[in-house]
Amino acid sequence: MAERGEGMKWIVNNRMNAIYLIIAAFLLLLPFVYESRNMLILLTQIFVFAILAMSYDLLLGFTGIVSFGHAMFFGIGAYSIGIFMKRFEPTMLHFIYAVLATILITAIVSFIVGLLTLRLKSHFYAMLTMALAGLFLVLAEKWRTLTFGNDGFTFRVPEIFIDRTNFYIICLVTMIAVFMILKRFTNSPLGRVLQAIRENEQRTESLGYQVLHYKIAASVVSGVLAGIAGIFYAMSLRYVNTSVFTMDITLDALLMTIIGGVGTLVGAIIGAGLIEFAHDGLTELAKEHWIFERWIIFFGIIYILVVIFFPLGIVGTLRKFTWKRRKLESAKKKENLAG
Amino acid sequence: MFLVTLFLISIYKIGGESMTTLIETDNLSITFGGHTAVDSVSISVPEKHFKSIIGPNGAGKTTFFNLLSGQLNPTNGKIYFRGKDITKLSSTKRTREGIGRSFQITNVFPNLTVLENVRLAVQSNAGVRYQMLFHYKKYREFEEKALEWLRLVLLDDKVDSFAINLAHGEKRKLEMAMLLALETEVLLLDEPTAGMSLEDVPAILEVIKRIKEQGNRTIILIEHKMDMILDLSDSVMVLFNGRLLADGTPEEIMKNETVQSAYLGGVSV
């Protein structure tokens, strides 16, 4: 009985964690009860983009850094796995090498980018990251011996990833792991300083925090995670071309983060889900009417509407309402006590 | 004879220690375009001293503070802290050395709670700056310490409010709590009562008085209200058009004719 009481207590105190656990369990069991290949592929894509969007949220939502070059880390991950799998045997060992190479390259690049550009004011930083991502795009186009240029190349993946259900579960587990890592990271003493920087950089400095160090830390963690998203993206397609370095990828991440709610992490996952579902739905509707082929128009409209009416995004708006409700409740309680 | 010598030496030592210079500026100047905002200001502030800076609007008081705290780099001159040249140190490093400051325009973290604003200062003071493995709540003592500072500035009933929702006077109190939480040796207070309602001013003054009475901090305060600072200050310096017009005890400053005419107008320095 006592144990059951403890369990209930945990659920009441950790309501959100309990909800996350239920959703995770549901998603883990889904492929075994609902056998739709298309749905499996779509959800896998959502998990991959959720990792990318969460990594972007660390920059935009938690540190207040606007980057237009996030695709470069995504692309590095995608090409690392592609090149390793193409040039060597598609074994688990080579997969691990590709992951290590991605972590190393994205960490070095994001460190240098951070060092070079984080001293700049926000809009200059945004422009510079855009230019750097453009540089990687040109490099991927021109270094044909390695990347096969715009045409890209197909590759095989290790056996464990061939089965779509396996791949689905691996992507889901990776997404959950990234979510938990980032949750801890943003709630650590260092993570709290990142939020202080977002709020007021000058004040953070005057409290004795070396702002540049924190921005670089956020940039490196974010870059590495975007690289990992790139690995899984390329593996889901078993194909990679220069499109992984394009601005569209960064804009997708930006849109997902803003629609879901910046600075919330879970918002990035919801944003990724909504955008990918909408994308899929609009592609289906394109069979009915040609206008739906131009899905980017609809995304543009959604983006404008969200920025105007829900600047805090879905999760941000919900949190605001919950916070207001709690405040009202506590005010009422105080009144009752006084009365 | 030996005892007398020993006595004299000890008196000299005690006297010497109490007058150890903590902050010193040597011909400190800064020019923006053609305008010299601070012009060759040389001062010396002893340890555990309470110095006030007065002067009319545009006299260069806040600019002088920005130079001391590292927000601005001087065009000329040097700043010494405990005899060490800190002119080239960033504001972050100066805070870590022991120079904390509050701002004239309220400068807090608007979308963080009141408690979190102060907790961040406590965390910095404790040197827990790069810890990323543990949850910040693990350091419960930081929150408790932050609460103590908030109690001191009479803001403990607002701990869960977002700083953005505070009234102006409350923001000034929060600013003060953040500065105190850093526990720096030097406190640079830039008009701590500016824009406050008349009811709020005594509370802040009381806090400043209490810090002074503790006797372990050096305080440099910018204030417009002369009557407010005269009782508190060990010395007062007057800035006018970026230049040091006078520096002395409150009584000397009150009697100083140049200062009087500067405040009443008509002085050309």
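If you're wondering where the values come from, they're calculated on a predicted model, not measured in any experiment. A, B, ... follow the sequence lines: proteins, then strands. Residue 1 opens every chain.
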Between [X] and chain A, which part of the residue has a heavy atom less than 4.5 Å away: side chain, backbone, both or neither?
X: B:Glu97; value: neither
X: B:Lys138; value: neither
X: B:Tyr139; value: side chain
X: B:Ser90; value: side chain
X: B:Ile99; value: neither
X: B:Tyr130; value: both
X: B:Leu182; value: side chain
X: B:Arg94; value: neither

Under 3.5 Å donor-acceptor, [X] side chain and [Y] backbone:
X: A:Ser188; Y: B:Leu133; value: no
X: A:Arg203; Y: B:Val108; value: no
X: A:Tyr209; Y: B:Arg129; value: no
X: A:Glu199; Y: B:Asn111; value: yes
X: A:Glu205; Y: B:Ser91; value: no
X: B:Thr95; Y: A:Leu207; value: no

If you measure from [atom1] on [X] to [atom2] on [Y], what distance do you get to the nearest 0.5 Å?
X: A:Arg192; Y: B:Phe109; atom1: CZ; atom2: CZ; result: 11.5 Å
X: A:Arg198; Y: B:Leu112; atom1: CZ; atom2: CG; result: 6.5 Å
X: B:Met132; Y: A:Ile181; atom1: CE; atom2: CD1; result: 12.0 Å

Are any of the side-chain heavy atoms of [X] and [Y] separated by less than 4.5 Å?
X: A:Ser206; Y: B:Gln71; answer: yes
X: A:Val211; Y: B:Thr92; answer: no
X: A:Gln210; Y: B:Lys93; answer: yes

* After noting the C-alpha distance and the side-chain angles of A:Asn200 and B:Asn107, does the key distance pass the side chain to side chain contact (heavy atoms under 4.5 Å, CB included) rule? -> CA-CA 8 Å; A:Asn200 190 339; B:Asn107 204 353; 2.4 Å; yes
* Asked: Using non-hydrogen atoms only, which part of A:Thr204 is less than 4.5 Å away from chain B: side chain, backbone, both, or neither?
  ->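 It is both, since atoms from each part get that close.
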Return yes when atom [atom1] of [X] has more than 12 non-hydrogen atoms of other residues, nucleotides or ligands closer than 6.0 Å, and no otherwise.
X: B:Phe32; atom1: CZ; answer: yes
X: A:Phe310; atom1: CZ; answer: no
X: B:Lys48; atom1: NZ; answer: no

* Spell out the residues in residues 167-175 of chain B that have some non-hydrogen atom less than 4.5 Å away from a non-hydrogen atom of chain A, in order of number; otherwise answer 'none'. =>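 The stretch touches chain A at B:Glu175.
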Using atom types as modelled, flag every donor-acceptor pair under 3.5 Å from a side chain in residues 255-266 of chain A to any protein atom, sequence neighbours excluded.
residue	atom	partner	partner atom	Å
A:Thr257	OG1	A:Ala253	O	2.5
A:Thr264	OG1	A:Gly261	O	2.6
A:Thr264	OG1	A:Gly267	N	3.1

